[in-house]
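So the structure is just underneath, and the comments pick up after that.
None of these values were measured; they are calculated from a predicted model.
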Amino acid sequence: MVKFINLKCLNSFNLKILAMILMLCDHMWATVIPGNQWLTDIGRIAFPIFAFQIAEGYFHTKDFKKYMVRLFIFALISEIPFNLMYVGSAIYPFHQNVIFTFCIALIFIRFMEWGKSKNPYLRILTIIISCICGYILGNITMTDYFGYGILTVFLFYIFRDIKFAWIGQLIGMIIINVFMLEGVTYQFNIFGFTFDFPQQAMAVFALIPIWMYNGKQGPHSKKIQYIYYSFYPVHMLTLHLIRTLITR
């Protein structure tokens, strides 16, 4: 009897490590290895995986308040390293790090869960309100990926436990990353026809490892958890220091 390959082979730990590596590639391109465009191309895949993990984290956390406080503390810790990496200055109020994006998204997810617990009509209303207000707030506060980042987290929350969720995720990812987000566009000529491919469209490929998620946590401990959170500010500060040394 033929045994089919189990495509649900990635746990939460695997996804986090993959996203961290891809994020590092993107940030290395932006700091110490400029010109290697492929690094930021594959780096587009990182954010949706993190966004998916945040939506999953909401359902798996035993204490939402502690989860939010932990994220907010690391958002504050990460802001100076983010500014240093992003613009070379410790203070830069015009763009905030991505953990603030996730904090805003989680607050609205809590609101949508409240609507869900009441009745289907209120559920729909809270989803609409959250999408509009979350998008606006993300733009006003200028968090990383702005309102589009918050909508991406919502995408994985809304289409989590419904039939044919992958269709909604695919359509949503295409709308956000191909039609809404702006950026570099590559042109390809195939049989005399010219096609434009947005660099940000690479983010859609994040759905492949996300769909391979098996719902399991994988290796986990307090130490691993804090290493995971610490990686974000530490790697940005390290890249800034390396860039400073090599550009002297």
Side-chain angles (χ1 to χ4, degrees), residues 5 7-57 78 81-82 84-87 95 97-99 101-102 105 143-146 148-153 155-156 166 169-190 195-214 218 227-243 246:
I5 298 174
L7 296 179
K8 298 282 187 178
C9 58
L10 298 179
N11 56 42
S12 179
F13 177 78
N14 301 144
L15 287 177
K16 287 173 182 175
I17 295 300
L18 175 61
M20 288 162 65
I21 292 171
L22 292 170
M23 177 176 64
L24 178 60
C25 289
D26 186 34
H27 291 170
M28 287 174 65
W29 165 84
T31 54
V32 298
I33 315 180
N36 290 271
Q37 199 69 22
W38 66 273
L39 286 172
T40 190
D41 290 342
I42 64 173
R44 300 300 89 206
I45 298 173
F47 176 76
I49 298 177
F50 284 122
F52 171 76
Q53 288 283 302
I54 289 295
E56 282 294 300
S78 301
F82 177 80
L84 289 171
M85 185 195 73
Y86 191 71
V87 294
H95 199 165
N97 74 77
V98 76
I99 305 182
T101 307
F102 295 148
T143 58
D144 205 18
Y145 283 91
F146 297 88
Y148 307 109
I150 292 170
L151 292 180
T152 302
V153 180
L155 179 69
F156 292 114
W166 68 273
Q169 292 172 354
L170 178 59
I171 293 173
M173 284 288 286
I174 290 173
I175 291 173
I176 292 172
N177 293 283
V178 176
F179 297 105
M180 296 178 71
L181 277 168
E182 297 180 355
V184 176
T185 299
Y186 299 122
Q187 284 194 340
F188 297 92
N189 193 289
I190 302 176
F195 298 92
D196 291 332
F197 183 83
Q199 182 190 68
Q200 188 58 39
M202 288 292 295
V204 178
F205 290 100
L207 290 173
I208 296 174
I210 287 171
W211 289 339
M212 295 172 70
Y213 174 58
N214 58 19
I227 289 175
Y228 170 63
Y229 281 117
S230 300
F231 177 81
Y232 186 59
V234 169
H235 94 275
M236 291 189 296
L237 184 58
T238 302
L239 289 174
H240 166 69
L241 293 174
I242 294 173
R243 177 177 59 187
I246 64 178

[X] versus [Y]: any side-chain heavy-atom pair under 4.5 Å?
| X | Y | answer |
| --- | --- | --- |
| Leu239 | Leu24 | yes |
| Trp166 | Leu207 | no |
| Trp211 | Leu7 | no |

- Query: How many angstroms lie between NZ in Lys16 and CG in Asn11, if you round to the nearest 0.5 Å?
  - Reply: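 Reported to 0.5 Å precision, the distance equals 9.5 Å.
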- How many angstroms lie between CZ in Phe50 and CZ in Phe156, if you round to the nearest 0.5 Å?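 It is 13.0 Å, given to the nearest 0.5 Å.
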- Can you label the angle between the His235 ring and the Tyr232 ring as parallel, tilted or perpendicular, going by 30° and 60°?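 His235 vs Tyr232 ring planes: tilted.
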- Query: Using the ring of each side chain (for Trp, its six-membered ring), is Phe47 parallel, tilted or perpendicular to Tyr145, with breaks at 30° and 60°?
  - Reply: parallel
- Any sub-3.5 Å donor-acceptor pair from Arg44's side-chain atoms to Ala206's backbone N or O?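 Pair absent, no side-chain N/O of Arg44 close to backbone of Ala206.
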- Taking the side chain from Thr101 and the backbone from Asp144, do they hold a donor-acceptor pair closer than 3.5 Å? yes
- For residues Tyr86 and His240, establish whether the separation of their ring centroids is below 6.0 Å.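 Distance test on ring centres: not under 6.0 Å, no.
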- Evaluate the criterion side-chain contact (heavy atoms from CB on, under 4.5 Å) for residue pair His27 and Val32; output intermediate values, then yes/no. CA-CA 8 Å; His27 291 170; Val32 298; over 6 Å; no
- Using a cut-off of 6.0 Å, state whether more than 12 heavy atoms not belonging to Phe205 lie near its atom CZ. no
